[in-house]
Colleague: 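Pasting a structure below so you can have a look.
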Number of protein chains: 2
Amino acid sequence: MERRRADIIAEELEERICDGTYPDGVRLDEVRLAEEFGVSRTPLREALQKLALSGLVAQIPRRGVFVRQPGPVQLIEMFEVMAEMEAVCGRLAAARISDAALAELDAANALCREAVAAPDADAYYLENERFHHIIYRESGNGFLEQETAALHRRLKPFRRMQLRLRGRLPQSMAEHEEIVAALRAADAERAARALRGHVAVQGEKFRFLMARLASAAE
Amino acid sequence: MERRRADIIAEELEERICDGTYPDGVRLDEVRLAEEFGVSRTPLREALQKLALSGLVAQIPRRGVFVRQPGPVQLIEMFEVMAEMEAVCGRLAAARISDAALAELDAANALCREAVAAPDADAYYLENERFHHIIYRESGNGFLEQETAALHRRLKPFRRMQLRLRGRLPQSMAEHEEIVAALRAADAERAARALRGHVAVQGEKFRFLMARLASAAE
DNA sequence: GTCAACCTTCTTGTATACAGAAAATGCAAG
DNA sequence: CTTGCATTTTCTGTATACAAGAAGGTTGAC
């Protein structure tokens, strides 16, 4: 499948916004970026509109587009929704998950355990992502899977922060075990609770997140 | 706030797709539509891309954009997610809802009751929408409110079908009462269950929905 | 008569040109 | 020195022009 330049540009810009190359509030100049990418304004505008619809930039009529990083409040809100959506995935998956998928979860968890032992935060992060995506898929609801994965992706740059907490890796690991146990027992409510607690930002995590946001905002 | 033509066109096209003016699979011709709206292809293309991102049309590179109504399977999936998201709104609202909002819900329900007595399906539909949006808002999570409202909006054309079921209005009414009672009692799980059941497509509703979709697909 | 290759034509994707609005700058007046 | 208004400039939004790819028809060969 041949992709349009606008899509490629949108992806690159998304990357730059997420990794902080373009900080919050910066105006994205159409002509400057068009020159940089070696294209005309037309595909670049299309890319910017795509970003605007996904919420990464704000498009103010006759003024331009501005990078719009979510503020502390919105981030907390997004993490809360993320936790609830994962809980829903877990609740549905508890009734629908296949034995093969349970084995996949075990395998992903084994690799997670290795990463914890190393300890290799990056490897853990990768396997953690696999683990969660399996659960999205096993919800048996393709639409839910897509929506949850989309939000997961959007929170990606902020998710890494959580893993920086001292002792977070072993704790996260234990939560993974509990999640798989609940799914294997086909206990919907237990799986939902475990996933909600696993993803939610609360207590120590909350304070850490707020501190990071405060330092980033300066 | 001055709106761009592309946004106005996107709204109009969305309306036409939802009300069936453009049935599933139809190709949306850029030049023809541009002439019809009296604009050039540029803003029209922007509108089409907006629709593509919201999932109403499929954009196939070098081939054009085609109306993409959700199939039966995807519709069932979307309704399931809708039910779960409303349940989440209810769960959070149970702990956060204000007395003023409870009064609002009572007021909306009173108007619903009048509509049932009439019976006036259109009036009921309108007040029902108000009722649900209050709950979204009282979840206390602006992001969740937005996302839930967006899905609600996307399912709007299919939601009306449910009300056509014989005896659905009084039943829906009773469910509204139960929802408010659960919220007033601050019983999170009860509110979640009530809302999930209220929105979910199941049993009689499911068969009816499938029949409608089968006749629409012919 | 049928199949295949080529050509025509139509449509999308991209570039450029133009118009109007907002912001910035400079000048003048208090 | 500050403030307000006008002018200029820059940038967005829209229109048009151009290029490349895909579909369909026609013609020629087997």
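Side-chain atoms are counted along with the backbone in the values below, which use heavy atoms only and exclude waters and symmetry mates. Every chain is numbered from 1, with letters handed out A, B, ... down the list of sequences.
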Colleague: Has the side chain of Arg63(B) got a donor or acceptor that lies under 3.5 Å from a partner of the other kind on the base of dG21(D)?
Modeller: no

Colleague: Check every strand shown and say whether Arg5(A) touches a base, only sugar-phosphate, or nothing at a heavy-atom separation below 4.0 Å.
Modeller: sugar-phosphate

Colleague: OP1 or OP2 of dG13(D) less than 4.0 angstrom from a side-chain nitrogen or oxygen of Arg45(A), does that happen here?
Modeller: yes

Colleague: Output yes when a side-chain donor or acceptor of Glu77(A) lies under 3.5 Å from a complementary backbone atom of Phe143(B), and no otherwise.
Modeller: yes

Colleague: Select base, sugar-phosphate, or nothing to describe what Val39(B) touches, counting heavy atoms under 4.0 Å on all strands.
Modeller: sugar-phosphate

Colleague: Round to the nearest Å and state the distance from Asp7(A) atom CG to dT12(C) atom P.
Modeller: 16 Å

Colleague: For Glu46(B) and for Arg41(B), find the nucleotide of DNA chain D with the closest heavy atom, then tell me which residue's nucleotide is more 5'.
Modeller: Glu46(B)

Colleague: Looking at Arg5(B) and Asp7(B), does any basic side-chain N land under 4.0 Å from a carboxylate oxygen?
Modeller: no

Colleague: Please give, in whole Å, the distance from dC10(C) C1' to Arg62(B) CZ?
Modeller: 13 Å

Colleague: For a quick test of reading the model: is some side-chain N or O of Ser40(A) closer than 4.0 Å to OP1 or OP2 of dA15(C)?
Modeller: yes

Colleague: Indicate yes or no: at least one non-hydrogen side-chain atom of His176(A) is less than 4.5 angstrom from one of Cys112(A).
Modeller: yes

Colleague: Would you mind reading off the distance between Phe66(B) atom CZ and dA22(D) atom C1', rounded to a whole angstrom?
Modeller: 11 Å

Colleague: Keeping His133(A) on the side-chain end and Glu129(A) on the backbone end, is there a donor-acceptor pair under 3.5 Å?
Modeller: yes

Colleague: Quick one: on DNA chain C, does Leu28(B) or Thr42(B) contact a more 5' nucleotide (nearest heavy atom)?
Modeller: Leu28(B)

Colleague: Write down the distance between CG (Leu33(A)) and P (dC11(D)), rounded to a whole number of angstrom.
Modeller: 12 Å

Colleague: Expressed in angstrom and rounded to an integer, what is the separation of Phe37(B) atom CZ from dT14(D) atom C1'?
Modeller: 16 Å

Colleague: Just call it for Arg27(B): base, sugar-phosphate, or nothing, with non-hydrogen atoms closer than 4.0 Å on any strand.
Modeller: sugar-phosphate

